[in-house]
Amino acid sequence: MDITLDSKNFITNQHLTISGSKSETNRLLVLQALYPDLQIENVSDSDDSEVMKKALSSKKAKEIDVHHAGTAMRFLTSYFAIQPDADIVLTGSSRMKERPIQILVDALKQLDADITYLEKEGFPPIRIKGKTIHKNIVEIETNVSSQYISSLMLIASSLPNGLKINLKGNTTSAPYIRMTLQMLNTLGVDADFNENRIKILPAHQLKNNLFTVESDWSSASYFYSIIALAPIGSRISLSCFKPDSLQGDAILAEIYKDFGVRTTFQNTEIILEKTVNCQLSTINYQLNNTPDIAQTLIVTCLGLGITCTLTGLHTLKIKETDRLQALKNELEKFGAKVAITDDSIELKNKVVFTDSVIEIETYQDHRMAMAFAPLAFRQKLRIKNAEVVSKSYPCFWKDLKVIGLHYGEKFKIL
């Protein structure tokens, strides 16, 4: 399914309700499987969360295919490793088989987990024979993915002796580790993070059995970009968000001040308003803690005629696609000069937008589709394989229609 976007009919002052955070939901689903009394409200409607639900309810399955869901692969690896009756193969898409899992598997093997690789060493698919884990000290590299650490943290309180996690190296996406920690604390689990050590005590039951998931800030990022590219006075309200969010991507409220977007918290809503035109000619952001917003930011910069350098992006090469290379490929279609390294991307020039239609490849990556959509304010776009957004935000195109971003005739909302 491809779509063509046209921004001529943008409608300001609309309200949208954004689904629950995929990051929070997937963590809570694992905890709910370990503590069945836990109730979760405002669950994400993303494909990734549906994959998690299905996998965690597949008690007798011999093989679970997580497709493109990297979070599910990592969280389920730890979950099944501690299930004494589990004997299961975790597999995924061809891209998933290229995404490393060895750091997490090595950590679990320190705890005597029984996990073997079925194809390429260090990568899915893997076979897990679950067992009761009594060891309670593990050391893990932290410079590749915070999800490895969160995966261990989520099972820690259900282990007979809890878990001490010693972290090695510079921690990537630390806000996501703090999200997991604060979530455990909110539910009444005794967990703390000091310097390079996480300590989580065993808990037979949760002290608090209800958690309401905040809406997804990563999903909100695309509306920040839309308002940044829209005329002064444009306004959108989104719910449900918290000023004391657990999500690292909540930094959007600060970052988009640079682009003239004001964020106002009102009850459970955020109101995004374009107050001034951006006066910057170039920006530089270090995104080690929030790499998922890199695609949105660089597309905003392209649309505003701002050069930029984004760093701290080494994890983007092992996402649904090599996001740095994918961004370079697509930005160059607009006439952009782009340089990438293993850790960074640089947009070197302003571009001239035209009346032609530019086709955007999405590389089976939901964020590529959504990040480029706001450029409809500057250029007619055709987004290929637009249905890929269902991985995290199934209602994205419907929500764009609410604010007046119209589609070409060939696209129908099902």
Side-chain angles (χ1 to χ4, degrees), residues 1-5 22 46-48 67-71 73 92-100 123 144-145 147 172-173 218-219 221-222 224-226 229 249 285 287-288 290-303 306-349 351 353 357-376 378-393 396-397:
M1 179 177 68
D2 301 346
I3 72 166
T4 302
L5 289 175
K22 175 168 68 80
S46 66
D47 284 355
D48 279 14
H67 307 290
H68 304 303
T71 304
M73 174 61 70
S93 64
S94 58
R95 175 59 180 169
M96 185 59 63
K97 293 180 181 181
E98 297 173 350
R99 299 179 69 178
F123 297 84
V144 176
S145 173
Q147 289 181 6
T172 295
S173 301
S218 300
S219 296
S221 74
Y222 312 114
Y224 273 95
S225 188
I226 285 169
L229 296 175
D249 287 349
Y285 294 119
L287 300 175
N288 187 63
T290 54
D292 281 345
I293 62 174
Q295 289 149 294
T296 308
L297 281 173
I298 200 165
V299 169
T300 302
C301 289
L302 184 79
I306 299 170
T307 60
C308 71
T309 301
L310 308 179
T311 58
L313 305 179
H314 58 281
T315 61
L316 295 194
K317 297 184 74 65
I318 61 168
K319 296 287 187 175
E320 285 81 348
T321 185
D322 179 342
R323 285 179 173 167
L324 294 175
Q325 186 62 55
L327 281 170
K328 185 176 189 296
N329 294 346
E330 301 313 300
L331 291 168
E332 287 177 345
K333 293 178 179 179
F334 297 85
K337 295 178 182 178
V338 181
I340 59 174
T341 69
D342 286 342
D343 180 64
S344 68
I345 186 166
E346 182 182 3
L347 174 61
K348 295 183 173 185
N349 66 313
V351 303
F353 295 102
V357 177
I358 291 182
E359 189 170 85
I360 302 298
E361 297 282 350
T362 50
Y363 306 87
Q364 297 185 322
D365 184 349
H366 54 132
R367 299 204 189 282
M368 288 296 292
M370 293 185 286
F372 275 89
L375 273 185
R378 301 289 185 268
Q379 180 87 42
K380 291 180 181 179
L381 302 174
R382 180 173 296 116
I383 310 288
K384 297 194 70 177
N385 302 315
E387 69 277 6
V388 73
V389 301
S390 65
K391 185 176 193 297
S392 64
Y393 191 169
F396 181 70
W397 302 119

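From a predicted model like this one, the values you see are computed outputs, not experimental measurements. Computation of the quantities below employed the complete heavy-atom set of this structure, encompassing side-chain atoms and omitting hydrogens, waters and symmetry-equivalent molecules. Start at 1 with the first residue, then count along the sequence.
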Worksheet entry | From CA spacing to verdict: side chain to side chain contact (heavy atoms under 4.5 Å, CB included), His67, Asp48 | CA-CA 9 Å; His67 307 290; Asp48 279 14; over 6 Å; no
Worksheet item: Could you go step by step and tell me if Asp47 and Ser390 meet the side-chain hydrogen bond (donor to acceptor under 3.5 Å, both in side chains) rule?
Response: CA-CA 6 Å; Asp47 284 355; Ser390 65; 2.5 Å; yes
Discussion item. The test is side chain to side chain contact (heavy atoms under 4.5 Å, CB included); show your working for Leu229 and Tyr224 and say whether it passes.
Written reply: CA-CA 9 Å; Leu229 296 175; Tyr224 273 95; over 6 Å; no
Discussion item. Before you tell me yes or no, could you show the steps for Met368 and Leu327 under side chain to side chain contact (heavy atoms under 4.5 Å, CB included), namely the whole-Å CA-CA distance, both residues' side-chain angles and the distance that decides it to 0.1 Å?
Written reply: CA-CA 8 Å; Met368 288 296 292; Leu327 281 170; 4.1 Å; yes
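Using modelled atom types, one side-chain atom of Ser93 and one backbone atom of Met96 make a donor-acceptor pair closer than 3.5 Å. For Asp322 (side chain) and Gln325 (main-chain N/O), a donor-acceptor pair under 3.5 Å exists by modelled atom type.
Between Ile358 and Lys380 the shortest side-chain heavy-atom distance does not fall below 4.5 Å. Residues Lys348 and Val338 form no side-chain contact, since every pair of their non-hydrogen atoms from C-beta on lies 4.5 Å or further apart. No side-chain heavy atom of Leu381 sits less than 4.5 Å from a side-chain heavy atom of Val357. In this structure the side chain of Glu361 never reaches within 4.5 angstrom of the side chain of Asn329, judged on heavy atoms. Considering only heavy atoms from C-beta on, Lys391 stays 4.5 Å or farther from Val389 through its side chain. Contact check for Ile345 versus Gln295: no side-chain heavy atoms found under the 4.5 Å cut-off. Put simply, the side chain of Phe372 does not reach to within 4.5 Å of the side chain of Thr362, judged on heavy atoms. Within the 4.5 Å cutoff, the side chain of Lys384 has heavy atoms near those of the Glu359 side chain.
We find the CG-CG distance between Asp292 and Leu313 to be 10.5 Å, quoted to the nearest 0.5 Å. Rounding to the nearest 0.5 Å places CG of Asp365 at 12.0 Å from CG of Asn385. A distance of 10.5 Å separates OH in Tyr285 from OG1 in Thr290, rounded to the nearest 0.5 Å. For the atom pair CD1 of Ile293 and CG of Leu297, the computed distance is 4.5 Å after rounding to the nearest 0.5 Å. Here the straight-line distance linking atom CD of Glu346 with atom CD1 of Ile340 works out to 12.0 Å at 0.5 Å rounding. Atom CD1 of Ile226 sits about 10.5 Å away from atom CG of Leu375, to the nearest 0.5 Å.
For the 3.5 Å distance criterion, the side chains of Asp343 and Thr311 fail to qualify, holding no donor opposite an acceptor. Ser221 and Thr296 are linked by a side-chain donor-acceptor pair at a separation below 3.5 angstrom, with hydrogens and angles left out of the test. Side chain to side chain, Tyr222 and Arg367 meet the donor-acceptor criterion of an N or O pair below 3.5 Å. Looking only at atom types and distance, the side chain of Gln364 has no donor-acceptor partner in the side chain of Thr321 under 3.5 Å away.
Shown here for Leu316 and Ala294, the closest heavy-atom pair between the two residues is CD1-CB, 4.0 Å. Nearest heavy-atom pair, Met370 versus Ser392, reported as atom, atom and distance to 0.1 Å: CE-OG, 3.4 Å. Considering all non-hydrogen atoms of both residues, Met73 and Gly92 come closest at CE-N, 4.5 Å. Taking every heavy atom of both residues into account, Phe353 and Arg378 meet most closely at CB-O, 3.3 Å. Heavy-atom minimum distance, Ser225 versus Thr300: OG-OG1, 2.7 Å. The two residues Thr307 and Asn349 make their nearest non-hydrogen contact at CG2-N, 3.7 Å.
Remark: Lys337 NZ is loosely packed, at most 12 non-hydrogen atoms of other residues, nucleotides or ligands lying under 6.0 Å away.
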